[in-house]
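Throughout, protein chains are lettered first and strands after them, A, B, ... in sequence-line order, and every chain is numbered starting at 1.
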Number of protein chains: 2
Amino acid sequence: MPVEAKPEATARTSPPLTERQEARRRRILHASAQLASRGGFDAVQMREVAESSQVALGTLYRYFPSKVHLLVATMQDQLEHMHGTLRKKPPGGETAAERVAETLMRAFRALQREPHLADAMVRALTFADRSVSPEVDQVSRQTTVIILDAMGLDHPTPEQLSAVRVIEHTWHSALITWLSGRASIAQVKIDIETVCRLIDLTEPDADR
Amino acid sequence: MPVEAKPEATARTSPPLTERQEARRRRILHASAQLASRGGFDAVQMREVAESSQVALGTLYRYFPSKVHLLVATMQDQLEHMHGTLRKKPPGGETAAERVAETLMRAFRALQREPHLADAMVRALTFADRSVSPEVDQVSRQTTVIILDAMGLDHPTPEQLSAVRVIEHTWHSALITWLSGRASIAQVKIDIETVCRLIDLTEPDADR
DNA sequence: CGCTAATCTAGAACAAGTTTCAGACTTGAT
DNA sequence: ATCAAGTCTGAAACTTGTTCTAGATTAGCG
């Protein structure tokens, strides 16, 4: 029986893509990011993505079953990039809280450089319904790894994981309020620093 | 003339609405909530809302310039309701953190009873772009009031306001992860309790 | 090579949010 | 009561995400 599986963003390993297919997928993601950088979520129009990446509309939908899937995959792509960058220059703070805050603010500044792209990706993430859960979850896991990296933890306690989840919540939501112009950059910074203090609470031996 | 429109905390904009207009507005919001309760964000179709509320499509758009505006207004409406309900039975916890957590969990359970409605409102909130900022801001302020109420504070310090903002971030984001099936109710509870511990950090004399 | 199933393409078609418009109806002021 | 300005209606049109179809191309296999 021939395999019926479609190419899928999350499963980079399951169905072996041919070289041309891999190239198509890459072209699509590139076009997506490019259009997003220009005009945000609304500027990523499926017909334009298809044309820019020299792929038929039907093919685009075979690779990414919806606009949200496409943008979430774009975010995965960018996150990998960022994780690599952050790894090269680890944060230098004394406490875990400081390092996490520094890392997130660094990520935040990177997003500031491409606010439209950030808009597209974040809107897609929060608008995603259940059909995109696996992909969104993957993004979430990737973010968790980045934060744990900054904390310098290998075996976090359940309490610490909970704190990390709260930090992620804050990070996403603060990003949204900034993107929609309801909070200043300074305020985002304060909120992130505030939530990072939670980390201190979960470190038995680190107190003030 | 005798515009008897007693502003129900929803400070309508400049022009005072006539009675029939107020009635139309109310019919629209009712239809919106009803459709949302049935099938969530997607089930709120502008043509159906118009038909259900016996209003022409163009009129619907005159009252609410977009689907997101409509749903955010629906949320304002529901929030007022909830604030009233919560006020009648204030939370009974010892510390501010406990009371806030209890309040939010109570609100959460209310949303659980109408998960589709919750879905519609929250998706609209996070998907809103700049053109809806004023309305979204209003929702945010209303939420802040509810939390400060639970804390029993009249004159919060900047630090406390920051903690409240972080709690709101967590609340929204946790709601989203629950709605999209990526987190259990138990997990939401833990996250809320975790973030509420931040409150203790901002109370110099609270027991620890 | 030659076959067959899978994939890709171009383009039409459909769905739902949004806009537009001409004409009927309300409202407020004279 | 009458008039002007503003509002509402019904219907069509437009936009963009999504689906569908028929035919061309490609990949893997004997």
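Of the candidate nucleotides C/dT9, C/dG17, D/dT9, D/dT9 has the atom lying nearest to any side-chain atom of B/V55. For B/R24, the side-chain atoms get nearest to D/dC8 when compared with the rest of C/dG17, D/dC8, D/dT18. Residue B/R62 has its side chain nearest to D/dC8 when only C/dT18, D/dG28, D/dC8 are considered.
As a whole-Å value, the separation of A/Y61 OH from C/dA13 P is 18 Å. Following rounding to the nearest Å, A/D42 (CG) and D/dG17 (C1') show an atom-to-atom distance of 12 Å. If you take CG of B/L60 and P of D/dT7, they are 16 Å apart, rounded to a whole angstrom. Rounded to an integer number of Å, the gap from CE of B/M46 to C1' of C/dT20 is 16 Å. If you measure from atom CZ of B/F64 to atom P of D/dT7, you get 16 Å, rounded to the nearest angstrom. In this structure, B/D129 places its CG atom 16 Å from P of C/dG17, rounding to the nearest Å. Computed from coordinates, the B/E22 CD to C/dT27 C1' distance equals 17 Å when rounded to whole Å. Atom CG in B/L71 sits roughly 16 Å away from atom P in C/dA16 (whole-Å rounding).
Along DNA chain C, the nucleotide nearest B/R20 and the nucleotide nearest B/K67 are compared for position; the residue whose nucleotide lies closer to the 5' end is B/K67. The residue among B/L57 and A/A56 whose nearest nucleotide of DNA chain C is located toward the 5' end is A/A56.
Among the heavy atoms of the strands, none lies under 4.0 Å from B/V49. Residue contacts for B/Y63: at a heavy-atom cut-off of 4.0 Å it reaches the sugar-phosphate backbone alone, with no base atom in range. Heavy atoms of A/E19 sit nowhere under 4.0 angstrom from any nucleic acid atom. Among the heavy atoms of the strands, none lies under 4.0 Å from A/E51. Residue-level contact check: B/V44 touches the backbone only, with heavy atoms under 4.0 Å from sugar-phosphate atoms and none from bases.
For a distance-only test at 3.5 Å, the side chain of A/R47 fails to qualify as a donor-acceptor partner of the base of D/dT15.
Residue A/T18 has no polar side-chain atom (N or O) positioned under 4.0 Å from OP1 or OP2 of D/dA27. Dashed line: the shortest gap from a side-chain N or O of A/Q21 to OP1 or OP2 of C/dC8 is under 4.0 Å.
Going from atom CD of B/E102 over to atom CD1 of B/I192 covers 12.0 Å, rounded to the nearest 0.5 Å. For the atom pair CD1 (B/I146) and OG1 (B/T103), the distance works out to 8.5 Å, reported to the nearest 0.5 Å.
Side-chain atoms of B/R130 come within 3.5 Å of backbone atoms of A/L179 as a donor-acceptor pair (strictly under, hydrogens ignored). Remark: the backbone N or O of A/P91 is not paired with any side-chain donor or acceptor of A/R99 at under 3.5 angstrom.
Relative ring orientation between A/F108 and A/W171 is described as perpendicular, the plane-to-plane angle rising above 60° on a 0-90° scale split at 30° and 60°.
There is a side-chain donor-acceptor pair under 3.5 Å between B/E168 and B/T144.
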